Number of protein chains: 2
Amino acid sequence: MILGSGQSENSSGLLFLTDEQLRKGIEAMFFAYRGFTADPDRILSERSYGRAHHRALHFIKRSPGTTVNNLLSTLGVTKQSLNRVLRTLIQDGLVLNEVGVQDKRQRHLSLTVDGSEFEQKLSNAQSDRMRAAYRQAGPDAVQGFRSVLEAMMDPELKKHYESFSKGQRL
Amino acid sequence: MILGSGQSENSSGLLFLTDEQLRKGIEAMFFAYRGFTADPDRILSERSYGRAHHRALHFIKRSPGTTVNNLLSTLGVTKQSLNRVLRTLIQDGLVLNEVGVQDKRQRHLSLTVDGSEFEQKLSNAQSDRMRAAYRQAGPDAVQGFRSVLEAMMDPELKKHYESFSKGQRL
DNA sequence: ACAATACGTCAGTGTTGTTGACATTCCAAG
DNA sequence: CTTGGAATGTCAACAACACTGACGTATTGT
């Protein structure tokens, strides 16, 4: 096993980590997340939207026809909080809200052409930075990046994360 | 070069990344950040503090005697926003605010014993999850994790991130 | 018929961010 | 020594986004 700088393993094969290493990891998450959201935030503020709108658009694009309840548990917010965002997106003609066929209580959400376009714009801005970071770090790093992030998720949230891979090739 | 699943390189040696791969990376960041903040958030809400208090405590602990302006640019918020948080922390006896010796305009911030204790509690909760994730993913993954996150930071923020390593062994 | 589910909405509250304005203190350059 | 500007603190107003609690409606399942 090749060890990176500053990491070591004891005889039990357990990774030994100093407080300093963990603290750097915490700070890396903090600073990286800022960069991660910086570009979409700029675009969103032009239309006086916020991060919540971006998240909603992202996951509706991801799962077209999804129900409100499903989106709710993916985002992990209350229905009141989501509703505020959804209402503006529907009013602005970015999101479609259609009554369910089998179950008429449900509302199926999807993006309009405008919504799809705007989501693409946001997605591109964020993807560009992600791609640049991936290329700079290299393919092996990307594997590690994903592994650590997945190990950091709450199990309940990880289910949602994995559900998007069902029947999709990565 | 060993390629992870779904990644490939073209003849120019440039990493080829599909929209789907990038989208998964974006979602990984989103879901992981939730897990990342979940444990401290619980502890903070017991004292009716928020994430902003945690961040302030973290970086004051990191750089004892730092000035308000320095903390401001690290956190990337306005002085008004930071001031509100600092005021409560000072009132609650967690943070010390001392007038500068050379430059008396500056206020040097540091943690009291209580503040240090509370910061430790928060830090431990977050570190525990980070350590678990690191161990689950393995040492090579940790290297990659850090590499990608660093490549994702804005250059201006990265300076702050790196400043904490000056003269420190990792 | 009745309970539960899915959704929407109203009202109130809290944290965290923003701008803008203004006062104070202090250093440093003219 | 005066003055400009930097560093700090504070006030007010506002917005985004989260929360709780409550209520109403339509629909579904038992």
Side-chain angles (χ1 to χ4, degrees), chain A residues 30 33-34 37-38 40-60 65-92 95-110, chain B residues 30 33-34 37-38 40-60 65-92 95-109 122:
Chain A
F30 170 67
Y33 200 78
R34 297 217 125 204
T37 56
D41 279 357
R42 265 189 292 275
I43 298 170
L44 288 158
S45 67
E46 289 169 13
R47 293 213 197 184
S48 69
Y49 286 154
R51 240 173 249 181
H53 299 85
H54 184 191
R55 290 197 282 264
L57 290 171
H58 176 102
F59 287 111
I60 293 171
T66 187
T67 64
V68 172
N69 250 6
N70 188 20
L71 188 56
L72 229 44
S73 66
T74 300
L75 294 171
V77 295
T78 58
K79 63 174 179 176
Q80 293 91 332
S81 199
L82 176 58
N83 193 261
R84 194 192 318 120
V85 169
L86 277 183
R87 196 163 39 200
T88 68
L89 290 174
I90 292 165
Q91 279 172 355
D92 294 355
V95 167
L96 266 184
N97 189 322
E98 292 167 306
V99 175
V101 181
Q102 287 141 342
D103 188 336
K104 291 175 190 166
R105 288 170 305 178
Q106 296 184 334
R107 302 300 139 91
H108 296 283
L109 303 167
S110 56
Chain B
F30 169 67
Y33 202 78
R34 300 217 121 204
T37 56
D41 281 357
R42 263 188 292 276
I43 298 170
L44 287 159
S45 68
E46 291 170 12
R47 293 213 198 183
S48 68
Y49 286 153
R51 244 174 247 181
H53 299 86
H54 184 192
R55 290 197 282 263
L57 290 171
H58 176 102
F59 286 111
I60 294 172
T66 187
T67 64
V68 172
N69 246 13
N70 188 20
L71 189 56
L72 228 46
S73 67
T74 301
L75 293 172
V77 296
T78 58
K79 62 175 177 174
Q80 295 90 332
S81 197
L82 175 59
N83 193 262
R84 197 190 310 123
V85 168
L86 277 183
R87 196 165 38 204
T88 68
L89 291 174
I90 292 166
Q91 280 172 355
D92 294 354
V95 168
L96 266 183
N97 187 324
E98 290 168 306
V99 175
V101 181
Q102 286 140 344
D103 188 336
K104 291 175 190 165
R105 287 169 302 180
Q106 296 184 336
R107 303 301 140 92
H108 296 282
L109 304 167
L122 293 167

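Model, not experiment: these values are computed from the prediction.
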Position toward the 5' end of DNA chain C (nearest nucleotide), A:Ile90 or A:Arg34: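 The residue whose closest nucleotide sits nearer the 5' end is A:Ile90.
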
Measure [atom1]/[X] against [atom2]/[N] and give the value in whole Å, please.
X       : N      : atom1 : atom2 : value
A:Asn70 : C:dC7  : CG    : C1'   : 14 Å
B:Leu57 : C:dT16 : CG    : C1'   : 15 Å
B:Leu71 : D:dG9  : CG    : P     : 11 Å
A:Leu44 : C:dG17 : CG    : C1'   : 15 Å
B:Arg47 : C:dG14 : CZ    : C1'   : 19 Å
B:Arg42 : D:dA18 : CZ    : C1'   : 17 Å

Rounded distance (nearest 0.5 Å) linking atom [atom1] of [X] with atom [atom2] of [Y]:
X       : Y        : atom1 : atom2 : answer
B:Asp92 : B:Ser48  : CG    : OG    : 8.0 Å
B:Lys79 : B:Leu71  : NZ    : CG    : 14.5 Å
A:Thr67 : A:His108 : OG1   : NE2   : 7.0 Å

Where A:Thr74 and B:Phe30 come nearest, the two heavy atoms and their spacing: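 A:Thr74 and B:Phe30 have their closest heavy atoms at O-CE2, 4.2 Å.
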
Residue pair A:Gly65 / A:Ser110: nearest heavy atoms and the distance that separates them: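 Shortest heavy-atom contact: N-CB, 4.2 Å.
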
Looking only at the side chain of [X] (C-beta and beyond, no hydrogens), which of the listed nucleotides [options] gets closest?
X       : options                : result
A:Ser81 : C:dT18, D:dC17, D:dT10 : D:dC17
A:Lys79 : D:dT10, C:dG8, D:dC19  : C:dG8
A:Arg51 : C:dT16, C:dC7, D:dC17  : D:dC17

So, is [X] near the phosphate of [N], with a side-chain N or O under 4.0 Å from OP1 or OP2?
X       : N      : answer
B:Asn69 : D:dT8  : yes
B:His53 : C:dT16 : yes
A:Arg55 : D:dA16 : no
A:Thr78 : D:dC19 : yes

Can I get a per-line list of side-chain donor-acceptor pairs under 3.5 Å for residues 51-60 of chain B, giving both atom names and the distance, sequence neighbours left out?
unit_1: B:Arg51; atom_1: NE; unit_2: B:Asp41; atom_2: OD1; d: 3.3
unit_1: B:Arg51; atom_1: NE; unit_2: B:Asp41; atom_2: OD2; d: 3.2
unit_1: B:Arg51; atom_1: NH2; unit_2: B:Thr37; atom_2: OG1; d: 3.3
unit_1: B:Arg51; atom_1: NH2; unit_2: B:Asp41; atom_2: OD2; d: 2.8
unit_1: B:His53; atom_1: ND1; unit_2: B:Gly50; atom_2: N; d: 2.9
unit_1: B:His53; atom_1: NE2; unit_2: B:Thr88; atom_2: OG1; d: 3.3
unit_1: B:His58; atom_1: NE2; unit_2: A:Glu27; atom_2: OE2; d: 2.7

By the 4.0 Å heavy-atom rule, please label [X] as base, sugar-phosphate, or nothing.
X        : value
A:His108 : nothing
A:Arg84  : base
A:Asn97  : sugar-phosphate

Heavy-atom donor-acceptor pair, A:Ser73 side chain to A:Asn70 backbone, under 3.5 Å: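 Such a contact is found between A:Ser73 side chain and A:Asn70 backbone.
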
Beyond-backbone contact of B:Leu96 with B:Leu109, side-chain heavy atoms, under 4.5 angstrom: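 No, too far: nothing below the 4.5 Å cut-off.
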
Summary of protein contacts for nucleotides 24-30 of chain C, nucleotide by nucleotide, where a base hit scores B, a sugar-phosphate-only hit scores S (4.0 Å, heavy atoms): -BBS---

5' priority, DNA chain D, between A:Leu82 and B:Thr67 [closest heavy atom]: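 Looking at DNA chain D, the more 5' nearest nucleotide goes with B:Thr67.
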
Donor-acceptor pair under 3.5 Å, A:Gln80 side chain vs D:dG21 base: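 Counting by modelled atom types and ignoring angles, a donor-acceptor contact under 3.5 Å is found here.
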
